[in-house]
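Atoms within a ligand are numbered from 1 in the order they appear, just like the ligands themselves.
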Amino acid sequence: MPLLVMKFGGTSVADLERIRNAATKVRAEVARGYDVIVIVSAMSGKTNELVGWVNETSPLYDAREYDAVVSSGEHVTAGLMALTLQEMDVPARSWQGWQVPIQTTSQHGAARFVDIPRANLDAKFSEGFRVAVIAGFQGVSPEGRITTLGRGGSDTTAVAFAAAFDAERCDIYTDVDGIYTTDPRITSKARKLDKISFEEMLELASLGAKVLQTRSVELAMRYKVRLRVLSSFDETDETSGTLVCDEDEIMESKVVSGVAYSREEAKLTLVTVEDRPGIAAAIFGPLAESGVNVDMIVQNISEKDYQGSDKPVTDMTFSCPVDQVGRARKALEAARDAGSIRYEKLEIDTDAAKVSVVGIGMRSHAGVAARMFSALAQEGVNIKVIATSEIKISVLIDRKYMELAVQALHDTFELDKAG
Ligand code: ASP
Ligand code: MG
């Protein structure tokens with residue numbers, strides 16, 4: 001029989017009535033002839049509560065026990081979902097991660113998949129069970145301990161099962177009805193996309209369209225798992241939501257598919273650093289070691305004759321999330337005190353935001369950057385830093401212009417119009 005993976009996020013299983021609503025969607029797919037693997041999250045808010053309990057009990061907790069506690073939210077919803085399906089006369093049973101077994105590495109709190117052997121589930125399907133309900137977000141380590149995958153990890157569980165069981169599709173039910181051209185709270189012209197490529201979704205996911213865990217999209221791209229994002233609160237059919245798929249499946253290709261943003265960015269500039277081989281490594285090595293996620297980097301043109309010396313000097317600018325500025329400053333000052341770098345001063349601007357346009361069409365169309373910059377110029381928005389990749393152009397601007405910039409770019413690239 002053809003097989004579907006259906007994943008229900010926390011808001012979709014937030015109470016018993018919502019679990020019944022989700023189960024109705026599962027029953028409909030079973031009636032259409034599918035075997036179904038259901039992946040559930042914990043009820044919304046539950047994982048936060050469990051994490052809070054762990055921290056309160058033991059601030060420097062044993063990560064193995066953290067996983068034992070925080071994985072339990074999914075155990076509850078998996079059992080309740082199986083019971084609800086049984087009440088609807090759908091043959092179903094629940095599986096905790098270790099029962100499958102979902103084999104992972106031993107990095108507690110951030111484990112990665114090693115293997116998902118099919119034998120146990122396949123045996124149940126051949127006995128006539130039509131639905132396997134799996135507790136998301138977890139697995140078992142080689143040492144036999146429960147592991148978790150990191151927050152938002154049940155999306156990744158869903159994709160891993162879809163790959164392991166050759167599912168026709170992996171449907172991610174959530175509280176939004178798809179992926180939009182930009183955040184609808186910023187412009188009412190934002191339009192739901194029918195399809196988007198894995199690569200574009202990755203750029204949008206990591207830029208703050210927080211619908212899918214980034215790792216799940218990476219995994220889907222690697223195994224070519226067709227992912228569909230849709231709302232569990234709407235009536236849905238085969239055409240609902242947004243399909244995240246291989247770019248070969250996308251006929252209509254606009255140059256730009258979406259405008260993403262990240263509101264809380266900071267810009268740091270090291271003024272007058274030596275311009276010599278190894279200077280970038282000496283700056284960005286300590287930042288990486290301190291866990292600072294450096295994003296954009298610009299090295300200015302070189303000058304000479306700083307303070308009478310004829311050694312060349314330059315300015316180095318980079319961006320990182322605002323809440324990492326303290327850590328960045330500490331790392332740079334420590335490197336200066338240790339003598340591995342020298343700089344005249346460190347300028348910090350914590351009022352920045354990043355706006356990006358994303359689209360696979362950029363590979364074959366020139367002039368996207370120019371259109372983007374002139375749209376921003378027309379609105380009087382000054383650009384502080386620019387960074388580009390094959391399918392993305394990002395600019396750092398003053399935070400107070402972020403909404404304006406997103407709206408202007410959405411208009412310029414006519415994202416409100418289909419095709
Ligand atoms: N319940 C976990 C979390 O809140 C995993 C998930 O829902 O994806 O992070
Ligand atoms: Mg989620």
Side-chain angles (χ1 to χ4, degrees), residues 5-15 18-19 22 25 37-55 61 63-81 94-98 100 102 104-105 107-113 116 133-140 146-163 170-180 183 196 201-202 204-220 225 227-233 241-242 244:
V5 170
M6 301 172 76
K7 183 256 170 178
F8 294 95
T11 50
S12 306
V13 293
D15 56 36
R18 291 202 183 158
I19 293 178
K25 295 191 179 290
I37 296 177
V38 176
I39 312 290
V40 286
S41 285
M43 291 176 168
S44 60
K46 191 73 210 172
T47 310
N48 288 342
E49 181 183 49
L50 295 169
V51 170
W53 287 347
V54 170
N55 284 320
Y61 54 74
R64 292 165 298 192
E65 303 305 345
Y66 168 96
D67 279 353
V69 175
V70 303
S71 60
S72 66
E74 274 75 7
H75 297 169
V76 174
T77 43
L80 290 172
M81 175 64 81
S94 71
W95 305 77
Q96 298 185 6
W98 61 272
V100 172
I102 301 169
T104 72
T105 59
Q107 294 150 276
H108 287 277
R112 306 189 79 87
F113 292 108
I116 301 179
V133 185
I134 313 287
F137 173 55
Q138 60 183 272
V140 60
I146 293 175
T147 54
T148 64
L149 305 173
R151 299 305 305 271
S154 33
D155 293 332
T156 308
T157 305
V159 173
F161 272 82
C170 179
D171 287 345
I172 307 277
Y173 284 88
T174 176
D175 49 9
V176 295
D177 62 355
I179 308 296
Y180 279 70
D183 186 340
I196 186 164
M201 189 63 228
L202 266 182
L204 295 172
S206 56
L207 288 169
K210 293 189 185 72
V211 190
L212 291 168
Q213 198 196 33
T214 305
R215 261 171 76 194
S216 72
V217 184
E218 284 164 3
L219 204 64
V225 172
L227 267 181
R228 193 162 65 127
V229 175
L230 68 174
S231 167
S232 67
F233 301 109
T242 300
V244 188

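- Checked by distance only, ligand 1 and D155 stay at 3.5 Å or farther apart across all their nitrogen or oxygen atoms.
- In summary, the side chains of S216 and T156 do not present any donor paired with an acceptor at a separation below 3.5 Å, with no hydrogens or angles considered.
- For the pair R215 and E218, the salt-bridge criterion is not met [side-chain N within less than 4.0 Å of a carboxylate O].
- The R151 neighbourhood of ligand 1 comprises atoms 3 (C), 4 (O), 9 (O), with distances under 4.0 Å to a heavy atom of that residue.
- Taking 4.0 Å as the cut-off between side-chain N and carboxylate O, D155 and K7 count as a salt-bridged pair.
- Between the side chain of D67 and the backbone N or O of G109, at least one donor-acceptor pair lies under 3.5 Å.
- Per-residue contacts place S41 under 4.0 angstrom from the following atoms of ligand 1 (heavy atoms of the residue considered): 6 (C), 7 (O), 8 (O).
- Considering backbone and side-chain atoms alike, K7 places every N or O at 3.5 Å or more from each N or O of ligand 1.
- Around CH2 of W98, the count of heavy atoms belonging to other residues, nucleotides or ligands within 6.0 Å does not exceed 12.
- Under 4.0 Å from ligand 1, the heavy atoms of E74 that appear belong solely to its side chain.
- Within ligand 1, the atoms closer than 4.0 Å to a non-hydrogen atom of S154 are 5 (C), 6 (C), 7 (O), 8 (O), numbered from 1 in the order shown.
- Using a distance-only test at 3.5 Å, with no hydrogens or angles considered, no donor-acceptor pair links the side chain of T147 to the main chain of Q138.
- A heavy-atom separation below 4.0 Å is found between G152 and ligand 1.
- Within the structure, the closest approach of G136 to ligand 1 does not fall below 4.0 Å when heavy atoms are considered.
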